[in-house]
Amino acid sequence: MNVTSKDAAEMKFKAFPVFFVLVGLVGWITACKSAQKSLKHGKFDQAVVFAADKLKDNPGHTSSQEALRSAYPRALEAHLNTIKRLEANGEGTAPEALVNEYKALNRLYEQLNSCNACLTLVEPRSFYDQEQASRQQGAEYRYREGSRWLSLGGRDNARKAHQQFEAVVSLVANYKDANLLVEDAFREASFHVVVEQVSVTSKSYQLSHEYFQDQINEFLKNSKRINKFVHFHTPEEAEREKLRPDHVVVLQFDDFVVGQTLLEKNTETVTSKDSVKVGETTVNRQKKPVYGKVTAKLTLHKKTIVSKGLLDMRIEAFDTRKKVHQDKLSGQYTWFCEWASYNGDERALTPEQVKLCKSTELSPPDPQQLFIEFTKPLYEQVTQKLKSFYAGY
């Protein structure tokens, strides 16, 4: 049978709808099976949702009807059994868990209530009153616990109280004065740290020192979440807010050197790797090239400038000035420049050596910039140390 290009095109065109129908059918069959599959694996809530979604589009779908008839009663029974167990454990032991069970039941109710076909198969039950009652009971329990912890005094107890009052607000918005008590507990639970200005004895580097200090201050400003209860302050902020801090962080340079210069010079004779034309000779009245290796005297120059320092980071208790923690942090920045010169035949040099010979000596950064560069790794170390040390406070 001969098939023309026109026939082939028509066949190809006709195949497209069939292909999309098959793809849609496969997806539809897979979705239909999901309710049964979830039911088989004991995921009753999921089975109800899958079945309801399918019955909204296809009210007569048999397997979804069967899955829903079986899944909803079992989902209802599972949640009610969990509720009985939670209630049997005693008042307030897990109020959020109890609320979550009622929320799950109400989600199923809403899912089924929006599906007309589902309402002919099962009778969904709502638990809005029970959910609201459990929220009120849970809020009352958490409120009492929070008040008890807060009355005991002390930072640790205040943190426990804050956790309880946050739970109250989550369960019932605007419950009594819980919103105010959350803030009260948070204030008592907070730990305040003042980071003093970095001490630099040399007036020559005040500008660079200010840059380093600004970096530290920026870190303090943006590090409110290292620990929920730990707050960092500059001395100016502490004075303005009349804070009595718990810790003081003292940063001081023990020693630093800027612009320590090392000059290196090395001269060597280099020879070309391959033979090159070095002249001509006459053989039988004909000029012929002469090949040989060539040399040059190469002088390499290197200037290295090292800037480094040692920073003392000491954490002290504010009231006693007793040392709580101490670290010695070191930072270094090395700047270098390379160039070269030669005498002899340039063809003896490698491409890299030729490039160096075309380079010139560069001017190093000014001392202020060198100071800034060697303090950058110090900044990283300071911030990481603070994050690590106060993560558990």
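Since the model is a prediction, treat every value here as computed from it, not as a measurement. Reckoned from all heavy atoms, side chains included, excluding hydrogens, waters and symmetry mates.
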Looking at every non-hydrogen atom in both residues, tell me the closest pair between K265 and T299 and how far apart they are.
CE-CG2, 3.7 Å
Fit a plane to each ring of H301 and W339, take the angle between them on a 0 to 90° scale, and name the class: parallel (under 30°), tilted (30 to 60°) or perpendicular (over 60°).
parallel
Smallest heavy-atom separation, A348 atom then Q353 atom, equals O-OE1, 4.3 Å
Using side-chain heavy atoms (C-beta onward) and a distance below 4.5 Å, is N116 in contact with P59?
no
Would you mind checking if D156 and R159 are paired as a salt bridge, meaning a charged N to carboxylate O distance below 4.0 Å?
no
Is a donor on one side and an acceptor on the other found under 3.5 Å between the side chain of N81 and the backbone of E77?
yes
Hey, which of R74, E101, K84, K103 is the one that makes side-chain hydrogen bond (donor to acceptor under 3.5 Å, both in side chains) with H79?
E101
Quick one: CZ on F318 to CG on D246, what's the gap to the nearest 0.5 Å?
10.0 Å
State whether the number of non-hydrogen atoms from other residues, nucleotides or ligands found under 6.0 Å of K303 atom NZ is greater than 12.
yes
Any cation-pi pair here, K302 with F336, using under 6.0 Å and within 45°?
yes
What verdict does the side-chain hydrogen bond (donor to acceptor under 3.5 Å, both in side chains) test give for Y102 and D129, after you've listed the backbone C-alpha separation in whole Å, the side-chain angles of each residue and the deciding distance to 0.1 Å?
CA-CA 9 Å; Y102 283 123; D129 291 341; over 6 Å; no
Between CD on residue E110 and CZ on residue R107, distance to nearest 0.5 Å:
8.5 Å
Within the side chain of R314, is there an N or O that forms a donor-acceptor pair under 3.5 Å with the backbone of V249?
no
If you draw a 6.0 Å radius around NZ in K176, do more than 12 non-hydrogen atoms from other residues or ligands fall strictly inside?
yes
Value rounded to 0.5 Å, distance of CG in L298 from OG1 in T269
9.0 Å
Separation between CD (Q381) and CG (L311), nearest 0.5 Å, reads 8.5 Å
With a 4.5 Å limit on heavy-atom distance, are the side chains of E338 and S359 in contact?
no
F371-F256 aromatic ring centre distance below 6.0 Å
yes
Does F186 have its ring centroid less than 6.0 Å away from the ring centroid of H231?
yes
Shortest non-hydrogen contact between Q36 and S63, atoms and distance
NE2-O, 2.9 Å
Using the rule that two of Ile, Leu, Val, Met, Phe, Trp, Tyr join whenever any of their side-chain heavy atoms come within less than 4.5 Å, decide whether V172 and F165 are in one cluster.
yes
L329 backbone acceptor or donor facing D327 side chain under 3.5 Å
no
Does E131 offer a backbone N or O that forms a donor-acceptor pair with the side chain of S134 under 3.5 Å?
yes
Mind checking whether Y342 and V278 sit in one hydrophobic cluster, side chains of I, L, V, M, F, W, Y counted as touching below 4.5 Å?
no
Kindly say whether A117 contributes a backbone atom to a donor-acceptor pair with the side chain of T120 at under 3.5 angstrom?
yes
Taking every heavy atom of L370 against every heavy atom of S307, the minimum-distance pair comes out as CB-OG, 3.5 Å
With a 4.5 Å heavy-atom cut-off, do R142 and P95 have their side chains touching?
yes
Taking the side chain as every heavy atom from C-beta outward, state whether V257 and K308 have any atom pair closer than 4.5 Å.
yes
Should the pair F374 and F253 be assigned to parallel (<30°), tilted (30 to 60°) or perpendicular (>60°) ring geometry?
perpendicular
So does T295 get a backbone contact from the side chain of D345, meaning a donor-acceptor N/O pair under 3.5 Å?
no
Would a 4.5 Å heavy-atom cut-off, applied to side chains only, mark L181 and V168 as touching?
no
Between E373 and K376, is there a salt bridge with N-O shorter than 4.0 Å?
yes
Sub-3.5 Å donor-acceptor pair from the side chain of S170 to the main-chain atoms of E166, do we have one?
no
Less than 4.5 Å apart, side chain to side chain, heavy atoms only: is that true for E380 and F219?
no
Rounded to the nearest 0.5 Å, what separates atom CD in Q326 from atom NZ in K385?
12.0 Å
Using modelled atom types only, decide if a donor and an acceptor are shared between the side chain of N222 and the backbone of E218 within a distance under 3.5 Å.
yes
So if you build clusters from Ile, Leu, Val, Met, Phe, Trp, Tyr with side-chain heavy-atom gaps below 4.5 Å, do V48 and L80 land together?
yes
Short question: side chain of Q213, backbone of V198 - any donor-acceptor pair under 3.5 Å?
yes
To the nearest 0.5 Å, how far apart are OG1 in T375 and OH in Y333?
12.0 Å
Would you mind reporting whether F229 and H162 have side-chain heavy atoms less than 4.5 Å apart?
yes
Checking side-chain contact (heavy atoms from CB on, under 4.5 Å) between S126 and each of N106, L108, N113, which is the one that passes?
N106
Quick one: are K221 and T234 in side-chain contact, heavy atoms under 4.5 Å?
no
Restricting to non-hydrogen atoms, name the atom on C337 and the atom on T360 that form the minimum distance, rounded to 0.1 Å.
SG-O, 4.1 Å
Flag the pair R148 and E145 as a salt bridge only when some basic side-chain nitrogen lies within less than 4.0 angstrom of an acidic carboxylate oxygen.
yes
Less than 3.5 Å apart, any donor N or O on the side chain of E140 or Y175 sitting next to an acceptor on the other?
yes
May I ask you to decide if the ring planes of F232 and Y390 are parallel, tilted or perpendicular, using 30° and 60° as cut-offs?
perpendicular
Is a side-chain donor or acceptor of N157 paired with a backbone partner of W149 at a separation under 3.5 angstrom?
no
Minimal non-hydrogen separation, A51 against A35, with atom names
N-CB, 3.8 Å
